Chemist: 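Before anything else, here's the structure in question.
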Amino acid sequence: MGEELCTGAGREELSLPAKPPAASYPADNLSDALKKLKITAIDSTADSLEGCLDCLLQALAQNNTETSEKIQKSGILQVFASLLTPQSSCTAKVANIIAEVAKNEFMRNSCVDAGLIPPLVQLLNCKDQEVLLQTGRALGNICYDSHEGRSAVDHAGGAQIVVDHLRSLCSKTDPANEKLLTVFCGMLMNYSNENDTLQSQLINMGVIPTLVKLLGIHCQNAALTEMCLVAFGNLAELESSKEQFAYTNIAEEIVKLFKKQIEHDKKEMIFEVLAPLAENDIIKLQLVEAGLVECLLEIVQKTVDSDKEDDIAELKTASDLMVLLLLGDESMQKLFEGGKGSVFQRVLSWIPSNNHQLQLAGALAIANFARNDGNCIHMVDNGIVQKLMDLLDRHVEDGNVTVQHAALSALRNLAIPAEAAEQLGKNVKLVERLVEWCEAKDHAGVMGESNRLLSALIRHSKSKDVIRTIVQSGGIKHLATMATSEHVIMQNEALVALALIAALELVTAEKDLENAKLVQILHRLLSDERSAPEIKYNSMVLICALMGSEPLHKEVQNLAFLEVVSKLRSHENNTVAQQASLTEQRLAVES
């Protein structure tokens, strides 16, 4: 019989058979059975009750929805509340009927209104395995997608009893017990699905270590491991759960399970658990140590040339997860292994591949490896720049903008240490390419990244050679335009780079600065009340630096900067006000 213990929104329901009814009841029809049940429930013998209940179960097996509607109209649900006693031999059958009718959405609130939840929760304390099984099913189904059902179970204290059961039954591996564990896991999932408050409650009850233990002990049982995975997926979104997961051996267990999977759906399920878990830095490292990376690289190798939909999806998930693992400093360094690591080498080989997804993941991975100065210098020394430029070249015309963006981000990270920034900034081919991409108006992201990289090369290297290379390649006009960006961070980066140019190589850059109309741009930035304080400050620093050039000095005089600057002496930001006084003095002396 199809099972209802649903495992989260949008998932298929798992199959768990209900206990088959005994010999059929000879009543002419369901209505007779319902009437008789109503009359005899209070004082009838167990035998006649059993017959009526069997008739209901048979009718539900044949047409669940129609039978449930008749049961609802008959008012028999209220009678069931009195039948759910540990002493009665019919209890398991009554719970089974409730489990069956609660597969229908319209019946769940009726079950709550009929007062069935408190007696069902009380039954969770009994020892009879069949009663526990059917009671778990009934509660799980009533909770599925039902706020009222969950609330009633919460109020009756059902979750704690089920968590205690899981803990005490965890180590028993006989089939009947495993079936019961599966139902209890499913019940907790339906109880807490997409409900942060109830998920937190389960986490505080300590369900996570128990579920991890279950996964390890029952890894041969497909239905139970699937339930555990869904449970992890539900709970792992919460921050508090990740702290608990970090103290279990979840990484080891889940990687072990992952290695055994052949079916795409099962792998997908495990991926859905891995992604939120891998957001935690401690778990990232545990997953790396448990050998997840090797599994991911193997998937990439198997699926890279396939055009099957499942394989393409797996390749994307595996390579995305790989990038996620590199976001942790410790896990990233462990995989870099001084640039000699086999994982780092494999990731490098993704960049020249013909697969866009791998190129993207490769570029993002390099950007993550480049979060450490030593790594940057090692990678730049070993020719990474050429690999990234080749990748960018392949996407110049109408290529993949996301890949371009990622490659430029990687180059920007590589340009952070002064030694690496100098090497990159003196690479004429790279700088010329960047200047070209600064004009890619159709791709704002690529244009923005190229501008930011030009600016970063100057800011981080503070090198005259780099500035000369950028001036000769025609980069000045782009930095001047970048100073007018709508993003304050980009404006600021441009102004700092231009100030360094003016301080270190004013004569070389003079003509280009003039042509770029930089003085007019600075006048606008200082006059505009909406300009951020740091923009006003850096614009004044730059004006002072430009005074060393005769033609630029003339432009400053012609635009009446004194008036604008003197207003800024009373600016609410102290640093801006102080710089305004200094700039005013400088302008007055040199006017």
Side-chain angles (χ1 to χ4, degrees), residues 389 392 408 411-412 415 418 421-441 443-444 446-526 528 531 534-559 561:
M389 279 175 61
L392 282 161
L408 288 164
L411 285 166
R412 192 149 56 84
E422 181 145 14
Q423 273 202 56
L424 286 167
K426 289 195 293 194
N427 182 325
V428 178
K429 192 179 167 204
L430 171 64
V431 173
E432 284 175 350
R433 273 275 180 267
L434 288 178
V435 171
E436 269 177 46
W437 292 322
C438 284
E439 290 171 6
K441 293 191 171 51
H443 304 308
V446 171
M447 193 166 87
E449 279 298 323
S450 303
N451 276 300
R452 293 188 74 186
L453 181 47
L454 267 188
S455 152
L457 295 173
I458 295 167
R459 289 181 298 112
H460 298 144
S461 71
K462 299 182 177 59
S463 150
K464 291 184 167 202
D465 290 341
V466 170
I467 291 170
R468 279 197 289 269
T469 308
I470 288 173
V471 172
Q472 281 154 14
S473 303
I476 295 281
K477 65 177 179 184
H478 297 300
L479 291 171
T481 306
M482 184 180 169
T484 65
S485 163
E486 62 201 37
H487 304 292
V488 174
I489 190 166
M490 284 178 69
Q491 280 186 294
N492 215 34
E493 287 171 359
L495 291 171
V496 172
L498 288 162
L500 282 164
I501 291 171
L504 297 172
E505 280 291 321
L506 186 55
V507 178
T508 314
E510 186 178 67
K511 200 82 200 124
D512 286 5
L513 292 169
E514 218 179 326
N515 291 338
K517 304 209 171 0
L518 180 63
V519 173
Q520 286 98 310
I521 288 170
L522 294 172
H523 191 272
R524 280 205 304 278
L525 290 176
L526 287 171
D528 188 345
S531 293
E534 60 268 41
I535 301 303
K536 288 192 174 352
Y537 174 83
N538 281 323
S539 296
M540 288 188 283
V541 169
L542 185 46
I543 282 293
C544 293
L546 295 177
M547 302 289 274
S549 149
E550 202 178 321
L552 293 168
H553 186 169
K554 266 195 189 133
E555 281 191 36
V556 171
Q557 285 175 320
N558 293 341
L559 275 173
F561 267 85

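Below, each value reflects all heavy atoms present in this structure, side chains not excepted, and no hydrogens, waters or symmetry copies. As the structure is a computational prediction, the values presented were derived from the model and not from experiment.
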Chemist: Taking side chain as C-beta onward, heavy atoms only, is Leu495 less than 4.5 Å from Ser539?
Modeler: yes
Chemist: So do the side chains of His478 and Glu439 get within less than 4.5 Å of each other, counting heavy atoms only?
Modeler: yes
Chemist: Please walk me through it: do Leu392 and Leu411 pass side-chain contact (heavy atoms from CB on, under 4.5 Å)?
Modeler: CA-CA 11 Å; Leu392 282 161; Leu411 285 166; 3.9 Å; yes
Chemist: Looking only at heavy atoms, which two atoms of Val431 and Gly425 are closest? And how far apart?
Modeler: CG2-O, 3.5 Å
Chemist: How far apart are the C-alpha atoms of Arg524 and Thr484, what are their side-chain angles, what is the distance that settles it, and do they pass the side-chain contact (heavy atoms from CB on, under 4.5 Å) test?
Modeler: CA-CA 9 Å; Arg524 280 205 304 278; Thr484 65; 4.2 Å; yes
Chemist: Side-chain donor-acceptor contacts of residues 503-512 below 3.5 Å, not counting sequence neighbours, with atom names and distances?
Modeler:
residue : atom : partner : partner atom : Å
Glu505  : OE1  : Thr508  : OG1          : 2.3
Glu505  : OE2  : Arg468  : NH1          : 2.8
Glu510  : OE2  : Ser549  : OG           : 2.7

Chemist: What distance separates Asn492 CG from Ile489 CD1, expressed to the nearest 0.5 Å?
Modeler: 8.0 Å
Chemist: Check step by step if side-chain contact (heavy atoms from CB on, under 4.5 Å) holds for Leu526 and Lys536.
Modeler: CA-CA 6 Å; Leu526 287 171; Lys536 288 192 174 352; 4.3 Å; yes
Chemist: Between the side chains of Glu514 and Lys554, is the shortest nitrogen-to-carboxylate-oxygen separation below 4.0 Å, so that they form an ion pair?
Modeler: no
Chemist: Backbone N or O of Ala483 within a donor-acceptor pair of the Gln491 side chain at under 3.5 Å?
Modeler: yes
Chemist: Do the side chain of Ser485 and the main chain of His487 share a donor and acceptor less than 3.5 angstrom apart?
Modeler: yes
Chemist: Just jot down the side chain to side chain donor-acceptor pair (under 3.5 Å) partners of Thr481, sequence neighbours excluded, or say none.
Modeler: none
Chemist: Would you sort out whether Leu453 and Trp437 count as a side-chain contact (heavy atoms from CB on, under 4.5 Å), showing the intermediate values?
Modeler: CA-CA 11 Å; Leu453 181 47; Trp437 292 322; over 6 Å; no
Chemist: Is any side-chain heavy atom of Leu434 closer than 4.5 Å to a side-chain heavy atom of Leu457?
Modeler: yes
Chemist: So does Lys517 get a backbone contact from the side chain of Lys477, meaning a donor-acceptor N/O pair under 3.5 Å?
Modeler: no
Chemist: Excluding sequence neighbours, so at least two apart, what forms side chain to side chain contact (heavy atoms under 4.5 Å, CB included) with Val428?
Modeler: Glu432, Thr469
Chemist: Ser450 side chain to Val446 main-chain N or O, any donor-acceptor pair under 3.5 Å?
Modeler: yes
